[in-house]
Amino acid sequence: MAARGHVQDPNDRRLRPIYDYLDNGNNKMAIQQADKLLKKHKDLHCAKVLKAIGLQRTGKQDEAFTLAQEVATLEPTDDNSLQALTILYREMHRPELVTKLYEAAVKKVPLSEEYHSHLFMAYARVGEYKKMQQAGMALYKIVPKNPYYFWSVMSLVMQAISAQDEKLAQTMFLPLAERMVEKMVKEEKIEAEAEVQLYFMILERLGKCVEALEVIRGPLGEKLTSELQSRENKCMMLYQRLQRWPECNALAHKLLLKNPDDWQFYPSYFESLFHLMDQSWSPPQEGEHCSEGAVHHTVAEVVRFVEERIKGEDGKDSRSLRGPYLARLELIHRLRERGCPEESLLGEPLELMVQFFGKFGDKPCCITDLKIYLHLLAPEQHVQFINRLSEAVPLGEQGEEGFAFPEDTKALQRHLCVCQLSRALGLHHSLDVDGKLRLITELKAHYRHGLKFGKNSLKTELQFSDMYCLMAAHVFIDLWTETGDENMVWQGLGLLQEGLSHSSSNAQFKLLLLLLYCHLGAFEPVVDLYSSLDAKHVQHDTIGFLLTRYAESLGQFAAASQSCNFSLRFFHSNQKDTSEYIIQAYKYGAFEKIPEFIALRNRLNQSLHFAQVRTERMLLDLVTIETCGESVKAMSLSAEEDDIPWDNMRDNRDLTVFTSWDPKERQITDEHRRRSLEEESVWLRIRSLTLRLLAYLAGMGHAPSQQNSETTNENGVGDKSSILSSLLAQLHQTLQTAAQMAEKSIQYPFLGPPSTRLAPALSSGSCQCQAAALQLSVHLQELETVGLDESSELQTQICNGFKSLVVQLQEILNKCKGDVLEMKESKLKTRPSLLENLIFFVETVCIVLWMASYCAKILRPLKTSLQKKKKKKKDANTALPVVVCGFQELSGSLQDLLTQALEHIKGQETGMTALKLASLSLEGYTQVSEEASFAKAAMDKVQSSYLRSLQEAGDLLKKRAETIKNLKI
């Protein structure tokens, strides 16, 4: 025994089984084991905390919190209890309690390095930068290690970054941080690269570029070794800021001599040339041009330099580098922009691009390289350019179909690049319908021929010829949008499904399928497609809109709820994760990353998509559940507070996620982005106000009637009704803005941002009807205050409101009539707008019912008190008050409307189930071909999705019909 150097703490041995149960997710056993241990050892604090963790994980949050606080008030200093409490508080999302724990521990054990560093990290989790600075210095005094000192410096920088007052940052926090670092520099105590990076960051934020340059070029700069060319990149950035163009030019020229393929320095090289020309700079008579060496200050020198780099590449035996060839095209582009005649010195763009294709056409990057310089060609050169490129593509003999195919993957890549370039020049778009159909046939033939090259590739690899398939689908979409022939979209879907069967990891196939199904109003297949994309981290924000935009509007409420949860889970975990990243950055001295992490967190908190998903998820819950009051409490929804950062809203959507080769005039523009954001914001505002008004009704409906107490009338109700009228005024104003926007409707490119639900919501009349229903709550409040005796005019007004609601609902329902899926001349036709209108009807009915249940809650006590008064007065008049009769009429009419809607849905379901899709004729197919079977499968998916949507809408309306039956006064 004595030979064992380390004696285990007996408490660790006792606690081990509980840790194991918690790690394995067996929380009940962990609680039981902790209880057993606590019977024997009442003072074993850690066992209590571990029991609390088990309770927290089994959903007993209150019990867990009580237990944890029992231990926390004892201010434990044993490591086990502190670590366990830290884990528990983190799971409870209460990081601020961890700081209190370690503050107490540090007071009791003031010389513990471990507890001081834990306290620093606890402050980092909650962003208490001032306390972090103090904790860092306290730690440095106990253990004088450099990292601790620089933790304190970084916390000062963070105070500067987060300060509301920029002046305070520039005059107090940053200068203090600078002095702290300078002290270490003078004492020659700077040891690590991270410390130099931090010094550079402080000088940069203070705008002291000259001093920063001295640091980088001096002995401290030699410590910057973790990134390639870190010093050079920083020097270049500072020269540009200081507008020292000679140094900028000389440094770029020097670095390009070293590596002529390093693209980042070409733009700096060219920009500096033009600045020098604008300043008429000339080199000094004697000595060096500048501290970085020789400067090229004329176009002729730069042209010569680029040509020399190209000669060097041409003379090489090994594979040439693309950089110099692209630099020549970039220089032509920049010279042409400035109107410089010297562009002719570099040659004719068409010839240069043909030469580039000859060298690099077999690389997949060739298309992206050349696409950005296509504007250098004159329109009349387009066909000639494509013909010249086609000559450079080695194809085999012509087959039976009249097409010649490439014989290896390099030739395939060249041919594919020519097809992509001809689409980017608009040559595909200018073809007539027959021309486009011939083009599709050719692309499909090339796609199927190319599959043989990928026979032995892994399942996760893409096929060499996938892009042919994608391009053919794009041409099908062109035909569909131009001619309206839905047959085209079915063939496009079939082709993409076929592509996916050969290349199951192709994200572009999935994204385009997802978009097409959504345009057709079928959400069911989209859920699986999106989850197979396996979106990671920030992608839930950048591409999540593709899923959530259509989820609810197509009636798949369960899937919509799931889609919102997908995104919300990411946004909520981002809050927690970011603080962990920041702590890691402190630990490893990656100081420059800390502001980046915080900027990312802010960007995600201010995300448009986050606000939309949060609002839609809560509305969805309110529309689909029975009891309103409890659910509003659970959501911690408040009518008074608006938690959406309207002024700092960030549009993080990736609107270029689809691969596209469209010419410039068909691409998404900044105007499209701006208009889309405006539309999305207005629609979000309408939804947010609707949600807050519903929260208000739920809250009021549950509040006790306050009409007897005059004091609460002054404060409580008065205050409440002012909130109500303010929210309704905002909603009215937003609807006016929305109506003006809808008049100036804009057509987005097919692959651009999806249009919002705003226009259809207004044209169906659902927005107006919802607003009218919510507006009635004001009159109902007045009625509650006045009573039923002396309010005949008000009662009539309310009854007219009821009648108007019924008329409006009937109109919305009429706009749903018609077949969502029909067969015309054995062709399948979809009408997704009818489905969207039906969902608007369902949503609006639910909101009207909220108002009705609020109304019932107000009328019941009023009616009872009226009857009591009549009994006392022995009044024989048994006639019901006008408003009560009106309410009963409203209930009856709503019942009729729901019966109509359910009949319509039943009719649609019967009609759709009877459609025999097998008898469809698909033009351009032999009935039995594999391609036809893929298109038929797509049709089946759309049909099944429609049925699912109708079923979910029907189920919800049946529930609401039950609700109406219970609305008795």
Using the test side chain to side chain donor-acceptor pair (under 3.5 Å), find all partners of [X] that sit at least two apart in sequence or belong to another chain.
{"X": "K536", "answer": "D534"}
{"X": "K965", "answer": "E962"}
{"X": "Q69", "answer": "Y89"}
{"X": "S81", "answer": "D78"}

With [X] via salt bridge (Lys or Arg N to Asp or Glu O under 4.0 Å) - residues at least two apart:
{"X": "E103", "value": "none"}
{"X": "R614", "value": "D643"}
{"X": "E114", "value": "none"}
{"X": "R692", "value": "D642"}

Open item on the list: Treating S152 as the side-chain partner and Y148 as the backbone partner, does any N or O pair qualify as donor plus acceptor under 3.5 Å?
Closed with: no
Open item on the list: With a 4.0 Å cut-off on N to O distance, would you call R653 and E680 a salt bridge?
Closed with: yes
Open item on the list: Which residues pass the side-chain contact (heavy atoms from CB on, under 4.5 Å) test with E596, not counting sequence neighbours?
Closed with: K593
TODO: Applying side-chain contact (heavy atoms from CB on, under 4.5 Å), name anything that partners R948, two or more places apart in sequence or on another chain.
DONE: E524, Q556, E952
Report the relative orientation of the aromatic rings in [X] and [Y]; use parallel for angles under 30°, tilted for 30 to 60°, perpendicular for over 60°.
{"X": "F571", "Y": "H609", "value": "tilted"}
{"X": "F610", "Y": "H572", "value": "perpendicular"}
{"X": "F566", "Y": "Y530", "value": "tilted"}
{"X": "F840", "Y": "W683", "value": "perpendicular"}

Task: side-chain hydrogen bond (donor to acceptor under 3.5 Å, both in side chains) contacts touching residues 538-549 (sequence neighbours left out) - done: D541-S607, D541-N652, R549-S553
- [ ] Could you walk me through whether K959 and D955 pass salt bridge (charged side-chain N to carboxylate O under 4.0 Å, His left out), step by step?
- [x] CA-CA 6 Å; K959 279 188 195 168; D955 289 349; over 6 Å; no
Residues 29-37, side-chain donor-acceptor partners within the protein, below 3.5 Å, at least two apart:
| residue | atom | partner | partner atom | Å |
| --- | --- | --- | --- | --- |
| D35 | OD1 | K51 | NZ | 2.8 |

